[in-house]
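We name chains A, B, ... by the order of the sequence lines, and we start the count at 1 in each one.
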Amino acid sequence: MSASNVSIVSALRQLVAYTQLEDGQSQSFRTRAYEKAIDAIVACPDEIGAYSLAELKAMDGIGDSTARKIIEFSANGSIGKVERLKAKFPPSMLDLMRIPGLGPKTVLALQKHLGVTDVDGLKTALSKEQLRTLPGLGIKSEQKIAESIELLGLHSDATRRPIYDAMQIARRVMSELGRSGDVVSMEYAGSLRRLSETIGDIDILVTSDQPKNVVAAFLALPGVTAVLGSGGTKASVVIDDSIQVDLRVVSDEAFGAALMYFTGSKGHNIILRQRSLNRGLTLNEYSLSSVETGDVLAAKTESEIYAELGLQWITPEVREGTSEIAAADDGALPAPVRVTDIRGDLHVHTSWSGDGRSSLAEMLDAVVERGLEYVAITDHAEDLAINGLSRERMKQQAEELDMHRERLPQLTILHGVELNIGADGSVDYDPDFLEMFDVGVASVHSHFDLEEGAQTERLLTALANPAVTVLGHPTGRKIGRRPGIRFDANAVFDAAAATATALEINCSLHRLDLPAAMLRKAVDVQGVMFTISTDSHRVAELENIRWGVSQARKGWVPRERVLNSLPKHEFLSQIG
DNA sequence: GCCGTTTTCGGCCCGACTGTTTTCAGTCG
């Protein structure tokens with residue numbers, strides 16, 4: 001069996017770290033090339049472990065040398081160069097490089113002058129006050145490194161936080177910081193704005209005429225447990241002992257340039273700056289300007305900067321520094337889905353099911369409030385223990401829905417159901433009973449650990465069921481808590497197209513399901529349609545539609561492939 | 001190590017903060 005993308009990326013990350021030590025710098029052209037290859041693999045929807053040399057080299061950012069290393073890893077489970085460097089630099093030196101403030105230069109100096117190659121050795125050297133004797137280091141550096149060891153956990157991959165958690169903290173920080181009268185505008189940027197599934201640190205951009213005041217207010221926020229650094233226009237802190245938050249303050253005129261810079265990704269920025277240089281321009285966090293005259297061409301909005309570079313605006317979610325800029329250049333990026341494109345929500349629970357927290361009336365009123373044209377009420381079906389509705393209850397609900405239809409004539413209310421896909425692919429009730437429903441969202445809520453072949457069969461059976469309109473949260477994953485079920489995506493997407501069953505983009509930040517890489521794969525299958533639905537269990541969750549829209553953008557899903565963006569009559573004839 | 005309507009060789013993004021260095025190197029994002 002060939003290596004998974006995850007294991008290949010992990011091996012290449014090791015290669016980067018060891019090469020940084022070999023080169024004695026973190027930004028050599030070689031390591032940057034490896035990092036570019038990693039970005040390409042992360043963004044690739046296909047498993048590349050079985051790719052041929054030619055196929056690997058055809059990928060943008062992967063050349064002959066890296067391609068051969070990938071093949072070597074896939075065949076042997078290791079890379080010769082890494083093994084060779086391990087003999088020179090003990091693996092524990094990589095732990096040292098993860099300590100904030102320690103880069104390859106300092107770690108090499110530790111080994112060369114003090115024979116220190118691991119964290120314990122470093123602690124001993126610190127206690128003997130030996131670090132201050134190293135060239136370029138002094139007493140302050142020694143203290144800083146000692147403090148950094150306490151923060152060691154913050155920079156490891158394992159401490160990336162699920163986006164849901166990070167978003168909560170970001171919103172809290174922003175609401176508190178917003179009380180400072182000096183904040184003109186504020187936006188979160190970085191991987192949060194790109195809707196990455198896990199977040200390493202939170203980036204917050206503020207525009208203000210009084211940057212020093214904003215930085216001071218930031219450092220004084222409740223929940224700040226450590227200050228990692230601060231200056232006149234930027235600062236980094238740790239919130240709740242758990243996640244790093246970076247603040248950057250610029251003038252309001254530079255908002256677009258700063259937002260772009262701070263949103264990244266790093267790879268995306270590098271390509272844009274290169275593109276700028278090719279046009280005699282330079283791009284930084286303040287502006288896009290002429291190299292020769294210094295004249296500012298654009299700074300206030302992202303759109304005008306992209307436009308000056310001859311590009312359509314690129315939605316943040318796809319700024320991964322891979323193929324998005326070339327696609328924008330060709331006008332081949334799909335027009336990003338907007339929240340206002342969504343005309344109906346097809347996955348909504350009420351207090352009729354045990355886990356719903358808002359009443360049917362409250363939900364319907366809120367849906368009208370949001371200006372939707374149609375909605376499907378999809379409470380749980382009977383096979384879900386505790387939460388599911390019996391047949392009798394479903395019939396009662398149907399009657400109650402009729403009342404609400406009279407009450408809310410402006411809204412098309414569909415009677416839906418969230419069906420449970422059993423281990424064998426069967427669903428709740430019987431075919432005759434299922435005919436009463438306008439919409440069937442079929443989801444996996446159990447048997448997450450069946451093997452891949454069985455999961456695929458299970459989903460194919462469900463897709464073939466005429467009562468199933470939508471495949472709900474198809475992988476069943478909970479980000480940071482539960483991996484998705486494994487299935488043959490090609491087979492499932494083909495079947496979705498053949499049976500005209502839509503694939504759900506579940507809006508919950510816990511789910512974001514389908515995942516972006518799978519969405520990109522599904523978009524390539526002609527005829528596959530998608531729904532963007534909130535899976536709301538309470539009124540407040542209806543606003544989660546924005547995350548699903550954002551996820552659709554991340555998956556390059558074009559507007560016209562979103563079933564619930566269709567006008568009511570078109571939508572009804574499609575699901576009819 | 002990668003890449004090419006400015007190149008198969010010679011380039012490769014940009015700036016803030018920190019500490020130790022009196023002009024800059026290292027680290028980070």
Requested in this report: Give Lys105(A) one of three labels, base, sugar-phosphate or nothing, depending on what nucleic acid heavy atoms sit under 4.0 Å from its own.
Outcome: sugar-phosphate

List the atom pairs, donor and acceptor, that lie under 3.5 Å between side-chain atoms in residues 260-272 of chain A and the rest of the protein, sequence neighbours left out.
| from | atom 1 | to | atom 2 | distance (Å) |
| --- | --- | --- | --- | --- |
| Thr263(A) | OG1 | Arg193(A) | NH1 | 2.9 |
| Thr263(A) | OG1 | Leu259(A) | O | 2.6 |
| Ser265(A) | OG | His268(A) | N | 3.3 |
| Ser265(A) | OG | Arg319(A) | O | 3.0 |
| His268(A) | ND1 | Glu324(A) | OE2 | 2.6 |
| His268(A) | NE2 | Tyr306(A) | OH | 2.8 |
| Asn269(A) | ND2 | Tyr261(A) | O | 2.9 |

**Report entry** Under-4.0 Å salt bridge between Glu320(A) and Arg194(A)
**Finding:** yes

**Report entry** Lys69(A) side-chain N/O to dG1(B) phosphate OP1/OP2 under 4.0 Å
**Finding:** yes

Query raised in the report: Rounded to whole angstroms, how far apart are CZ on Arg275(A) and P on dC12(B)?
Result: 18 Å

**Report entry** Protein-nucleotide distance (Arg30(A), atom CZ; dG11(B), atom C1'), rounded to Å
**Finding:** 17 Å

**Report entry** Lys234(A) bridged to Asp246(A) by N-O distance under 4.0 Å
**Finding:** no

**Report entry** Interatomic spacing from CG in Asp182(A) to NZ in Lys212(A) - rounded to 0.5 Å
**Finding:** 12.5 Å

Query raised in the report: To the nearest angstrom, how far is Ile145(A) atom CD1 from dC28(B) atom P?
Result: 10 Å

Query raised in the report: Charged N to carboxylate O below 4.0 Å: is that the case for Lys521(A) and Asp524(A)?
Result: no

Requested in this report: Quote, to the nearest angstrom, the P distance that separates dG1(B) from dT6(B).
Outcome: 27 Å

Report summary line: Gln20(A) atom CD is separated from dG26(B) atom C1', nearest whole Å, by 13 Å

Requested in this report: Write down the distance separating the P atoms in dA16(B) and dT21(B), rounded off to the nearest Å.
Outcome: 24 Å

Report task. State plainly whether the residues Asp46(A) and Arg520(A) are in salt-bridge range, i.e. N to O under 4.0 Å. Result -> no

Query raised in the report: Touch check for Thr106(A), heavy atoms < 4.0 angstrom, all strands: base, sugar-phosphate only, or nothing?
Result: sugar-phosphate

Query - Arg559(A) and Asp341(A) ion-paired at < 4.0 Å - result: yes

**Report entry** Protein proximity profile, nucleotides 14-23 of chain B - base contact B, sugar-phosphate-only contact S, no contact -, cut-off 4.0 Å on heavy atoms
**Finding:** SSSSSSS---

Query raised in the report: Quantified in whole Å, what is the C1' atom distance between nucleotide dG10(B) and nucleotide dC17(B)?
Result: 33 Å

Query raised in the report: With rounding to whole Å, what would you report as the distance between dC12(B) and dT7(B) at their P atoms?
Result: 15 Å

Requested in this report: Round to a whole Å and report the spacing from CG of Leu108(A) to P of dG26(B).
Outcome: 11 Å

Query raised in the report: Reading nucleotides 2-7 of chain B from the 5' end, what letters show protein touch, with B for base, S for backbone sugar-phosphate only, - for no heavy atom under 4.0 Å?
Result: SS--B-

Report task. Take atom CD of Gln244(A) and atom C1' of dG29(B), then tell me their distance rounded to the nearest Å. Result -> 9 Å

Query raised in the report: Looking at Arg275(A) and Glu308(A), does any basic side-chain N land under 4.0 Å from a carboxylate oxygen?
Result: no

Query raised in the report: Do Glu176(A) and Arg179(A) meet the salt-bridge criterion of a basic N to acidic O distance under 4.0 Å?
Result: no

Report task. Determine the Euclidean distance between corresponding C1' atoms of dT8(B) and dC2(B); express it in Å to zero decimal places. Result -> 12 Å

Query raised in the report: Could you give the CE-to-P distance, from Met97(A) to dT27(B), as a whole number of Å?
Result: 10 Å

Report task. Could you measure between the two P atoms, the one in dG15(B) and the one in dC9(B), and give it in whole Å? Result -> 32 Å

Query raised in the report: Syn or anti for dT7(B), taking syn as within 90° of 0?
Result: syn

Report task. Inspect the contact between Asp252(A) and Lys300(A) and indicate whether a charged nitrogen and a carboxylate oxygen are less than 4.0 angstrom apart. Result -> yes

Report task. Take atom C1' in dC28(B) and the same atom in dT22(B), then report the distance between them in whole Å. Result -> 24 Å

Report summary line: Here the distance between atom P of dT27(B) and atom CG of Leu134(A), to the nearest Å, is 12 Å

